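Working notes, beginning with the structure itself.
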Amino acid sequence: MKLGDLQLSPRHLINGRWEIGTTTGISTNPSDTREVVAEYARADRNQTELAVRAAADALPTWSQSTPQRRADVLDMIGSELLARKDELGALLAREEGKTLPEGIAEVARSGQIFKFFAGEALRIQGELLASVRQGVQVDVTREPVGVVGIIAPWNFPFAIPAWKIAPALAYGNTVVFKPAELVPACGWALAEIISRSGLPAGAFNLVMGSGREVGQTLVDHPLVNALSFTGSVSTGDRILRAASARRAKVQLEMGGKNPLIVLADADLDQAVDCALQGSYFSTGQRCTASSRLIVEAEVHDAFVARLRNRLASLKVGHALERGTEMGPVVDDNQLAQNLDYIDIARNEGAEHVWGGERLERPTPGHYMSPALFLARPEHRVAREEIFGPVACVLRADDYEHALALANDTPFGLCAGICTTSLKRAMHFKRHAAVGMTMVNLPTAGVDFHVPFGGRKESSYGAREQGRYAAEFYTTVKTGYMLA
Ligand code: TXE
């Protein structure tokens, strides 16, 4: 059976059983909208509550399981993801629209994430301290937070769920996972592997459906102790307000408007590569995408000319077609939003350099050409997250001006610089007001074993990934004992 080619009928996983939904929905292939990828079960409030109860009931068993058992479960999931990366990568490309190589790489990374947290389950640490009181011993230990609600976006349908689910389970929590409505088949394929990994029934549950009903039920449910969310700023804000009102732990990863600075001393070909990859690969649908290219005046025109040439030959097409460099936009709404921003940019007086048009391809899909504008800092195209293949160039007088422009944003996820000056690179790493910096690398493309997250409006709560994930998925207990 090859999931990459089939029409699937994903069901919910609730308390170890596959359940039909109260209604059904469909997901389609953005490269060929005639093709239905999945006809999937959609849950209502009651079904979501059953999943939460199942997770709560499984908590005593799973939270007391041995680190070895947790490591075995996570390692098995990781191994299967790696072994099936081609097949699952094809499913991802079909349902979300990133190119096949991008899809395969994402599934492989998801497998590595599970394997990393298999190791972390064996390395849960505490502290033993001398007390300030005579004869007393103090220890600090980590315990699971409890039931974790995981609400995921569509743009990384394997990797983002993986980097939330794997640490949740590694540290002994139980999970209710809600994938985004555009990518239920990917969510289900991951859940199907997890369902065969040896977890007790109810330790991991999948419920699909709308954010308003399924997502909101998780946010409001008193038995959900922690919520990890990736998505838009507006939804993140709503979740934060509701969840913190009932004192649940919350972690949010939201938007970005990430700058890439190109200084006059940069290797220009390398800088153009960084801009091309960071701004347009994965169709620009990454929170780490570089959508503001801040270029020092001396090399501005040369940089723009080279990037324009690269865009002119970028192959936009069906995600599964060999040689495609940029797949379609995920759906009609996102495409309409991208095209609206093209109009806004033109109307506000940004200078159009390339692209931004709807494209026809042999199959009916949501295709558009990569867009580039010369903008001013006040233009909306330079301030708001578009989440598509649309970037703008801002002209900077010098390094100090470039840094000020880079930090002039409500977001603070990632920032990059292309330079051959070690002094400038070091200064930039220290003064960029973000959670992640890149030197001579695209802003998008991160490792899986180190923290991921940002500042300002981009993120809220403890960092994701790496061993820092323990901050969110555990709670510490301080023990005193008269020795
Ligand atoms: O996001 P939402 P959408 C941005 C991007 C995109 C826009 C909309 O600009 O165009 O957001 O995308 C669930 N309670 N990003 O609609 O609505 C929802 O079902 C609980 C940037 O996909 O934030 C889905 O599972 N959950 C971002 C998840 O939240 C709710 C990545 C995300 O959906 C809910 C994705 C509610 N009330 C979108 N409402 C990035 N920067 O990485 C919705 N959801």
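From a predicted model like this one, the values you see are computed outputs, not experimental measurements. Every number for a ligand or one of its atoms is a count from 1 in the order of the listing. Residue indices begin at 1 and follow the sequence shown.
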How far is [atom] from the closest protein heavy atom, and which atom is that?
atom: atom 42 (O) of ligand 1; value: Cys287 CB, 3.1 Å
atom: atom 37 (N) of ligand 1; value: Gln216 OE1, 2.8 Å
atom: atom 27 (C) of ligand 1; value: Gly231 O, 3.4 Å
atom: atom 19 (O) of ligand 1; value: Lys178 NZ, 2.9 Å
atom: atom 30 (C) of ligand 1; value: Gly211 CA, 3.4 Å
atom: atom 39 (N) of ligand 1; value: Thr235 CG2, 3.5 Å

[X] neighbourhood, listing ligand 1 atoms whose heavy-atom distance to it stays under 4.0 Å:
X: Met254; answer: 40 (C), 41 (N)
X: Glu385; answer: 9 (O), 21 (C), 41 (N)
X: Ala152; answer: 24 (C), 25 (O), 28 (C)
X: Arg238; answer: 37 (N)
X: Asn155; answer: 31 (C), 42 (O)
X: Glu181; answer: 19 (O)
X: Ile151; answer: 13 (C), 20 (C), 25 (O), 26 (N), 28 (C), 29 (O)
X: Pro153; answer: 31 (C), 35 (C)

Item to check | ligand 1 contact by Gly255, heavy-atom criterion under 4.0 angstrom | outcome: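 Contact check Gly255 vs ligand 1: positive.
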Item to check | Contact check, Phe229 vs ligand 1, heavy-atom distance below 4.0 Å | outcome: yes
Checklist entry - Should we count CD of Glu351 as having more than 12 external heavy atoms under 6.0 Å? => result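 No, CD of Glu351 has 12 or fewer neighbouring heavy atoms, counting only those of other groups under 6.0 Å.
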Checklist entry - Should we count CZ of Arg17 as having more than 12 external heavy atoms under 6.0 Å? => result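 Not more than 12 within 6.0 Å, no.
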What are the two closest heavy atoms between [X] and [Y], and how far apart are they?
X: Ala271; Y: Val262; value: CB-CG1, 3.8 Å
X: Ala242; Y: Asp220; value: CB-OD1, 3.8 Å
X: Gln465; Y: Phe452; value: NE2-CB, 3.4 Å

Next on the checklist: One residue to check: Ile239. Relative to ligand 1, which of side chain, backbone, both or neither has a non-hydrogen atom less than 4.0 Å away?
Outcome noted: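 Contact part for Ile239 vs ligand 1: side chain (C-beta onward).
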Next on the checklist: Just to be sure I read this right, does ligand 1 sit under 4.0 Å from the backbone of Glu253, its side chain, both, or neither, counting only heavy atoms?
Outcome noted: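 Glu253 to ligand 1: no contact under 4.0 Å from either part.
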Evaluating non-hydrogen atoms only, which member of [options] is closest to [atom]?
atom: atom 1 (O) of ligand 1; options: Gly236, Gly454, Ser232; answer: Ser232
atom: atom 10 (O) of ligand 1; options: Glu213, Gln285, Gln334; answer: Gln334
atom: atom 5 (C) of ligand 1; options: Trp154, Phe387, Phe411; answer: Phe387

Checklist entry - Taking Ser210 for the side chain and Glu213 for the main chain, is one N or O donor matched with an acceptor at less than 3.5 Å? => result yes
Checklist entry - Okay, side chain of His318, backbone of Leu320: is any donor-acceptor separation there less than 3.5 Å? => result yes
Checklist entry - With a cut-off of under 6.0 Å to the ring centre and 45° to the axis, is Lys164 in cation-pi contact with Phe177? => result no
Indicate the ring-plane relationship of [X] and [Y], choosing parallel, tilted or perpendicular according to the 30° and 60° boundaries.
X: Phe116; Y: His449; result: perpendicular
X: Phe156; Y: Trp163; result: tilted
X: Trp154; Y: Phe387; result: perpendicular

Checklist entry - Do protein heavy atoms approach atom 16 (O) of ligand 1 to less than 4.0 Å? => result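 For atom 16 (O) of ligand 1 the answer is no, since every protein heavy atom stays at 4.0 Å or beyond.
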Checklist entry - Would a 4.0 Å cut-off, counted as strictly less than, catch a protein heavy atom around atom 33 (O) of ligand 1? => result no
Item to check | Non-hydrogen side-chain atoms of Met208 and Pro179 separated by less than 4.5 Å | outcome: yes
Checklist entry - Regarding Glu384 and Tyr341, is there a side-chain donor-to-acceptor distance under 3.5 Å anywhere? => result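 Side chains of Glu384 and Tyr341: pair found under 3.5 Å.
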Checklist entry - Does any donor atom in the side chain of Thr99 or Glu102 lie under 3.5 Å from an acceptor atom in the other side chain? => result yes
